[in-house]
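Working notes for the structure below.
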Amino acid sequence: MGNFDGQVVVVAGGGAGIGAAASALIASRGATVIVTDVVKANAEQVSAAINSKGGKSVARELNVADQSGVADFLNGIAKEFGTLDAIVNSAGIVGPTNTPLEKITAADIEKVLSINLLGAIWLTQGALPIMKSAKYGRIVHVASIAGKEGNPGMTPYVLSKSAMIGFVKAVAKEVATDGICINSIAPAVIKTPMNANTSEETLKYMISRIPMGRLGEAEEVAEMIAFAASKACSFTTGFCFDTSGGRATY
(Lines give C-alpha, C1' and ligand atoms only; values in the text may rest on other atoms or scores of the structure.)
Protein backbone atom coordinates (compact mmCIF):
# COMPACT_ATOMS: atom_id res chain seq x y z
CA MET A 1 0.00 0.00 0.00
CA GLY A 2 3.00 2.28 0.40
CA ASN A 3 4.09 1.54 -3.17
CA PHE A 4 3.67 4.27 -5.82
CA ASP A 5 4.08 2.13 -8.96
CA GLY A 6 2.23 3.72 -11.89
CA GLN A 7 1.39 6.87 -9.94
CA VAL A 8 2.15 10.47 -10.81
CA VAL A 9 3.01 12.72 -7.87
CA VAL A 10 3.57 16.47 -8.01
CA VAL A 11 5.90 17.89 -5.36
CA ALA A 12 5.62 21.66 -5.00
CA GLY A 13 8.68 23.27 -3.48
CA GLY A 14 10.63 20.16 -4.38
CA GLY A 15 13.86 21.95 -5.17
CA ALA A 16 15.32 21.81 -1.67
CA GLY A 17 14.87 20.64 1.90
CA ILE A 18 11.78 18.63 2.82
CA GLY A 19 10.39 18.78 -0.72
CA ALA A 20 13.59 17.40 -2.21
CA ALA A 21 13.73 14.59 0.34
CA ALA A 22 10.08 13.71 -0.30
CA SER A 23 10.64 13.72 -4.06
CA ALA A 24 13.56 11.32 -3.78
CA LEU A 25 11.79 8.96 -1.40
CA ILE A 26 8.52 8.80 -3.33
CA ALA A 27 10.39 8.28 -6.61
CA SER A 28 12.34 5.43 -5.00
CA ARG A 29 8.99 3.78 -4.28
CA GLY A 30 7.92 3.78 -7.90
CA ALA A 31 6.24 7.11 -8.66
CA THR A 32 6.89 9.42 -11.55
CA VAL A 33 7.63 12.59 -9.60
CA ILE A 34 7.06 16.05 -11.03
CA VAL A 35 9.53 18.16 -9.06
CA THR A 36 8.46 21.79 -9.10
CA ASP A 37 10.02 24.92 -7.71
CA VAL A 38 9.76 28.65 -8.30
CA VAL A 39 13.47 28.39 -9.21
CA LYS A 40 13.52 25.81 -11.99
CA ALA A 41 17.25 25.16 -11.67
CA ASN A 42 16.70 23.83 -8.15
CA ALA A 43 14.00 21.45 -9.38
CA GLU A 44 16.24 20.31 -12.22
CA GLN A 45 19.04 19.44 -9.81
CA VAL A 46 16.74 17.32 -7.64
CA SER A 47 15.15 15.64 -10.66
CA ALA A 48 18.54 14.83 -12.18
CA ALA A 49 19.66 13.19 -8.94
CA ILE A 50 16.51 11.07 -8.90
CA ASN A 51 16.97 9.98 -12.51
CA SER A 52 20.64 9.18 -11.95
CA LYS A 53 19.55 6.58 -9.40
CA GLY A 54 17.05 4.93 -11.76
CA GLY A 55 14.00 6.90 -10.67
CA LYS A 56 11.47 8.66 -12.89
CA SER A 57 11.23 12.40 -12.57
CA VAL A 58 10.85 15.64 -14.49
CA ALA A 59 11.47 19.21 -13.34
CA ARG A 60 9.05 22.07 -13.86
CA GLU A 61 8.82 25.68 -12.76
CA LEU A 62 5.79 26.56 -10.64
CA ASN A 63 4.76 29.61 -8.65
CA VAL A 64 2.15 28.32 -6.18
CA ALA A 65 0.92 31.86 -5.46
CA ASP A 66 -0.48 32.13 -9.02
CA GLN A 67 -4.04 30.76 -8.86
CA SER A 68 -4.70 30.43 -12.59
CA GLY A 69 -1.15 29.29 -13.27
CA VAL A 70 -1.45 26.48 -10.73
CA ALA A 71 -4.75 25.26 -12.20
CA ASP A 72 -3.35 25.31 -15.75
CA PHE A 73 -0.22 23.50 -14.59
CA LEU A 74 -2.08 20.67 -12.84
CA ASN A 75 -4.48 20.20 -15.75
CA GLY A 76 -1.47 20.03 -18.06
CA ILE A 77 0.20 17.38 -15.89
CA ALA A 78 -2.97 15.26 -15.82
CA LYS A 79 -3.26 15.51 -19.60
CA GLU A 80 0.43 14.83 -20.29
CA PHE A 81 0.85 11.91 -17.87
CA GLY A 82 -2.72 10.58 -17.87
CA THR A 83 -3.23 10.90 -14.13
CA LEU A 84 -2.55 13.03 -11.06
CA ASP A 85 -2.53 10.76 -8.04
CA ALA A 86 -0.98 12.90 -5.32
CA ILE A 87 0.31 16.35 -4.50
CA VAL A 88 2.92 17.09 -1.86
CA ASN A 89 3.08 20.79 -1.05
CA SER A 90 6.34 21.82 0.58
CA ALA A 91 6.48 25.30 -0.94
CA GLY A 92 6.91 27.99 1.66
CA ILE A 93 8.89 30.86 3.12
CA VAL A 94 9.68 31.79 6.72
CA GLY A 95 9.23 35.53 6.58
CA PRO A 96 10.39 37.78 9.44
CA THR A 97 11.85 36.08 12.52
CA ASN A 98 12.65 37.50 15.93
CA THR A 99 10.44 40.45 14.96
CA PRO A 100 7.84 41.85 17.38
CA LEU A 101 4.32 42.34 16.09
CA GLU A 102 4.65 46.13 16.27
CA LYS A 103 7.27 45.98 13.51
CA ILE A 104 5.37 43.62 11.19
CA THR A 105 4.04 45.27 8.03
CA ALA A 106 1.07 44.44 5.84
CA ALA A 107 3.53 43.52 3.09
CA ASP A 108 5.24 41.01 5.41
CA ILE A 109 1.94 39.25 6.09
CA GLU A 110 0.69 39.37 2.52
CA LYS A 111 3.91 37.90 1.10
CA VAL A 112 4.00 34.96 3.52
CA LEU A 113 0.27 34.24 3.21
CA SER A 114 0.38 34.39 -0.61
CA ILE A 115 2.84 31.49 -0.70
CA ASN A 116 2.26 29.46 2.46
CA LEU A 117 -1.53 29.65 2.70
CA LEU A 118 -2.90 30.70 -0.67
CA GLY A 119 -0.43 28.39 -2.41
CA ALA A 120 -1.91 25.46 -0.46
CA ILE A 121 -5.42 26.58 -1.36
CA TRP A 122 -4.70 26.99 -5.08
CA LEU A 123 -2.93 23.61 -5.32
CA THR A 124 -5.88 21.90 -3.64
CA GLN A 125 -8.45 23.79 -5.68
CA GLY A 126 -6.70 22.94 -8.93
CA ALA A 127 -6.32 19.25 -8.08
CA LEU A 128 -9.80 18.49 -6.79
CA PRO A 129 -11.66 18.34 -10.13
CA ILE A 130 -9.02 15.95 -11.49
CA MET A 131 -9.03 13.76 -8.40
CA LYS A 132 -12.82 13.76 -8.09
CA SER A 133 -13.07 12.52 -11.65
CA ALA A 134 -10.67 9.68 -10.84
CA LYS A 135 -12.34 8.99 -7.46
CA TYR A 136 -8.85 8.93 -5.96
CA GLY A 137 -6.31 11.40 -4.68
CA ARG A 138 -3.91 12.27 -1.91
CA ILE A 139 -2.88 15.81 -0.95
CA VAL A 140 -0.28 16.52 1.72
CA HIS A 141 0.55 20.03 2.88
CA VAL A 142 3.65 20.74 4.94
CA ALA A 143 2.52 22.99 7.80
CA SER A 144 4.56 23.50 10.97
CA ILE A 145 4.45 22.89 14.69
CA ALA A 146 4.44 26.70 14.88
CA GLY A 147 0.92 26.55 13.48
CA LYS A 148 -0.20 24.52 16.49
CA GLU A 149 1.83 26.03 19.30
CA GLY A 150 3.09 29.36 18.01
CA ASN A 151 6.61 30.77 17.86
CA PRO A 152 7.17 34.30 19.17
CA GLY A 153 8.51 36.86 16.72
CA MET A 154 7.20 34.95 13.69
CA THR A 155 3.65 36.24 13.37
CA PRO A 156 3.23 35.98 9.56
CA TYR A 157 4.64 32.44 9.44
CA VAL A 158 2.65 31.19 12.42
CA LEU A 159 -0.51 32.74 11.00
CA SER A 160 0.01 31.07 7.62
CA LYS A 161 0.64 27.61 9.04
CA SER A 162 -2.17 27.75 11.59
CA ALA A 163 -4.57 28.77 8.85
CA MET A 164 -3.24 25.99 6.60
CA ILE A 165 -4.01 23.38 9.27
CA GLY A 166 -7.55 24.73 9.60
CA PHE A 167 -8.00 24.80 5.84
CA VAL A 168 -6.96 21.15 5.56
CA LYS A 169 -9.43 20.12 8.25
CA ALA A 170 -12.27 21.90 6.46
CA VAL A 171 -11.64 20.90 2.85
CA ALA A 172 -10.87 17.28 3.76
CA LYS A 173 -14.41 16.93 5.07
CA GLU A 174 -15.80 18.34 1.82
CA VAL A 175 -14.26 15.53 -0.24
CA ALA A 176 -14.22 12.68 2.26
CA THR A 177 -16.58 10.58 0.13
CA ASP A 178 -14.71 11.19 -3.13
CA GLY A 179 -11.75 8.87 -2.48
CA ILE A 180 -9.54 11.86 -1.66
CA CYS A 181 -7.53 12.17 1.56
CA ILE A 182 -6.06 15.55 2.48
CA ASN A 183 -3.71 15.87 5.44
CA SER A 184 -1.01 18.15 6.77
CA ILE A 185 2.37 17.56 8.40
CA ALA A 186 3.63 19.65 11.32
CA PRO A 187 7.41 19.45 11.57
CA ALA A 188 9.37 21.14 14.31
CA VAL A 189 12.50 22.96 13.14
CA ILE A 190 14.18 20.91 10.40
CA LYS A 191 17.73 21.16 9.05
CA THR A 192 16.96 22.70 5.65
CA PRO A 193 18.02 25.71 3.56
CA MET A 194 14.69 27.33 4.48
CA ASN A 195 16.07 27.95 7.96
CA ALA A 196 19.37 29.37 6.73
CA ASN A 197 18.24 32.92 7.45
CA THR A 198 16.38 32.17 10.68
CA SER A 199 18.00 34.09 13.51
CA GLU A 200 20.20 32.16 15.94
CA GLU A 201 18.03 33.34 18.81
CA THR A 202 14.89 31.96 17.18
CA LEU A 203 16.57 28.63 16.32
CA LYS A 204 17.80 28.22 19.89
CA TYR A 205 14.29 28.88 21.17
CA MET A 206 12.75 26.31 18.84
CA ILE A 207 15.34 23.62 19.62
CA SER A 208 14.89 24.24 23.36
CA ARG A 209 11.24 23.26 22.97
CA ILE A 210 12.05 19.87 21.39
CA PRO A 211 12.43 17.05 23.95
CA MET A 212 14.80 15.19 21.62
CA GLY A 213 17.04 18.26 21.76
CA ARG A 214 18.01 18.40 18.10
CA LEU A 215 16.95 19.58 14.67
CA GLY A 216 14.90 17.17 12.61
CA GLU A 217 16.17 15.80 9.30
CA ALA A 218 14.34 16.32 6.01
CA GLU A 219 14.42 12.56 5.38
CA GLU A 220 12.54 11.95 8.64
CA VAL A 221 9.72 14.26 7.55
CA ALA A 222 9.73 12.67 4.08
CA GLU A 223 8.83 9.29 5.57
CA MET A 224 5.65 10.72 7.09
CA ILE A 225 4.84 12.56 3.89
CA ALA A 226 5.26 9.39 1.82
CA PHE A 227 2.75 7.56 4.00
CA ALA A 228 0.19 10.37 3.83
CA ALA A 229 0.60 10.59 0.04
CA SER A 230 0.17 6.84 -0.49
CA LYS A 231 -2.72 4.39 -0.84
CA ALA A 232 -1.89 3.21 2.69
CA CYS A 233 -3.34 6.44 4.05
CA SER A 234 -6.90 5.39 3.31
CA PHE A 235 -8.88 6.16 6.49
CA THR A 236 -7.11 9.27 7.74
CA THR A 237 -8.09 12.67 6.40
CA GLY A 238 -8.18 16.20 7.76
CA PHE A 239 -5.41 15.25 10.19
CA CYS A 240 -2.16 16.95 11.14
CA PHE A 241 0.73 14.52 11.60
CA ASP A 242 3.45 15.74 13.96
CA THR A 243 7.13 15.25 13.23
CA SER A 244 8.27 17.34 16.14
CA GLY A 245 10.74 15.33 18.21
CA GLY A 246 8.16 15.23 20.99
CA ARG A 247 7.41 18.95 21.08
CA ALA A 248 3.71 18.30 20.48
CA THR A 249 1.96 15.04 21.27
CA TYR A 250 -1.68 15.98 20.63
Side-chain angles (χ1 to χ4, degrees), residues 3-52 54-93 114-142 164 167-168 171-172 174-175 178-184 222 225-226 228-231:
N3 188 292
F4 287 88
D5 284 348
Q7 293 199 353
V8 173
V9 179
V10 168
V11 179
I18 292 171
S23 296
L25 181 59
I26 291 170
S28 76
R29 295 180 180 174
T32 297
V33 177
I34 317 302
V35 182
T36 81
D37 201 279
V38 70
V39 180
K40 189 177 181 183
N42 292 344
E44 288 173 337
Q45 187 173 10
V46 173
S47 180
I50 289 170
N51 294 338
S52 72
K56 294 173 288 184
S57 175
V58 297
R60 299 288 166 83
E61 182 178 338
L62 180 64
N63 174 13
V64 298
D66 178 359
Q67 181 182 15
S68 61
V70 167
D72 290 344
F73 175 81
L74 295 178
N75 285 327
I77 291 298
K79 183 176 181 180
E80 179 180 352
F81 293 90
T83 183
L84 174 60
D85 298 288
I87 291 178
V88 173
N89 172 32
S90 185
I93 60 174
S114 70
I115 298 169
N116 294 7
L117 176 60
L118 294 183
I121 294 172
W122 304 148
L123 284 164
T124 306
Q125 184 185 68
L128 286 185
I130 301 166
M131 292 179 173
K132 283 182 176 179
S133 177
K135 279 290 182 181
Y136 178 83
R138 300 287 183 267
I139 301 175
V140 187
H141 294 294
V142 179
M164 176 196 281
F167 164 71
V168 165
V171 73
E174 291 184 20
V175 297
D178 293 305
I180 303 168
C181 294
I182 307 176
N183 294 288
S184 61
I225 289 171
S230 75
K231 292 178 182 178

Any donor and acceptor pair, going by atom type alone, linking the side chain of R29 with main-chain N or O of F4 inside 3.5 Å? no
Going from CD1 on I130 to CG on N75, what distance comes out if it is rounded to the nearest 0.5 angstrom? 4.5 Å
I need the minimum non-hydrogen distance between G92 and I115, along with the two atoms involved. CA-CG2, 3.9 Å
Would the distance check show the side chain of S57 and the main-chain N or O of V33 forming a donor-acceptor pair, the cut-off being under 3.5 Å? yes
Give, for atom CG of N3 and atom NZ of K231, the distance between the pair rounded to the nearest 0.5 Å. 8.0 Å
Please find the pair of heavy atoms, one from V35 and one from A43, that lie closest to each other, and give the distance. O-CB, 3.5 Å
Under 3.5 Å, is there a donor-acceptor pair between the side chain of S23 and the main chain of G19? yes
Return the minimal non-hydrogen interatomic distance between I180 and Y136, and the atom names on each side. CG1-C, 4.3 Å
Quick check: does any side chain N or O of D85 sit under 3.5 Å from a backbone N or O of V8, one acting as donor and the other as acceptor? yes
Just how far is it from atom CG of N63 to atom CZ of F73, taken to the nearest 0.5 Å? 11.5 Å
L84 to A127 - nearest heavy-atom pair and separation: CD2-CB, 4.3 Å
Can you name the residues that form a side chain to side chain contact (heavy atoms under 4.5 Å, CB included) with Q45, not counting sequence neighbours? none
From OG (S184) to CG (N89), nearest 0.5 Å: 11.0 Å
Among V38, I77, T36, the one residue meeting side chain to side chain contact (heavy atoms under 4.5 Å, CB included) with L62: T36
Just wondering, do T83 and T32 contact through their side chains at under 4.5 Å, heavy atoms? no
Pairing residues for D72 by the salt bridge (Lys or Arg N to Asp or Glu O under 4.0 Å) criterion, not counting sequence neighbours: none
I would like to know whether T124 and I121 meet side-chain contact (heavy atoms from CB on, under 4.5 Å); could you show each step before the answer? CA-CA 5 Å; T124 306; I121 294 172; 5.9 Å; no
Minimum heavy-atom separation for K56 to A27, with atom names? O-CB, 4.5 Å
Atom pair CZ (R60) and CD (E80), whose distance is rounded to the nearest 0.5 Å: 4.5 Å
Is any side-chain heavy atom of L123 less than 4.5 Å from a side-chain heavy atom of I139? no
Evaluation steps, side-chain contact (heavy atoms from CB on, under 4.5 Å), between M131 and D178: CA-CA 8 Å; M131 292 179 173; D178 293 305; over 6 Å; no
What's the separation between atom OG in S114 and atom CG in D66, rounded to the nearest 0.5 Å? 11.0 Å
Do side-chain atoms of S47 reach the backbone of E44 as a donor and acceptor pair under 3.5 angstrom? no
Could you pull out the closest heavy-atom pair between L74 and I87, with the gap in Å? CD1-CD1, 3.8 Å
Looking only at atom types and distance, does a side-chain atom of N42 sit under 3.5 Å from a main-chain N or O of G15, one as donor and one as acceptor? no
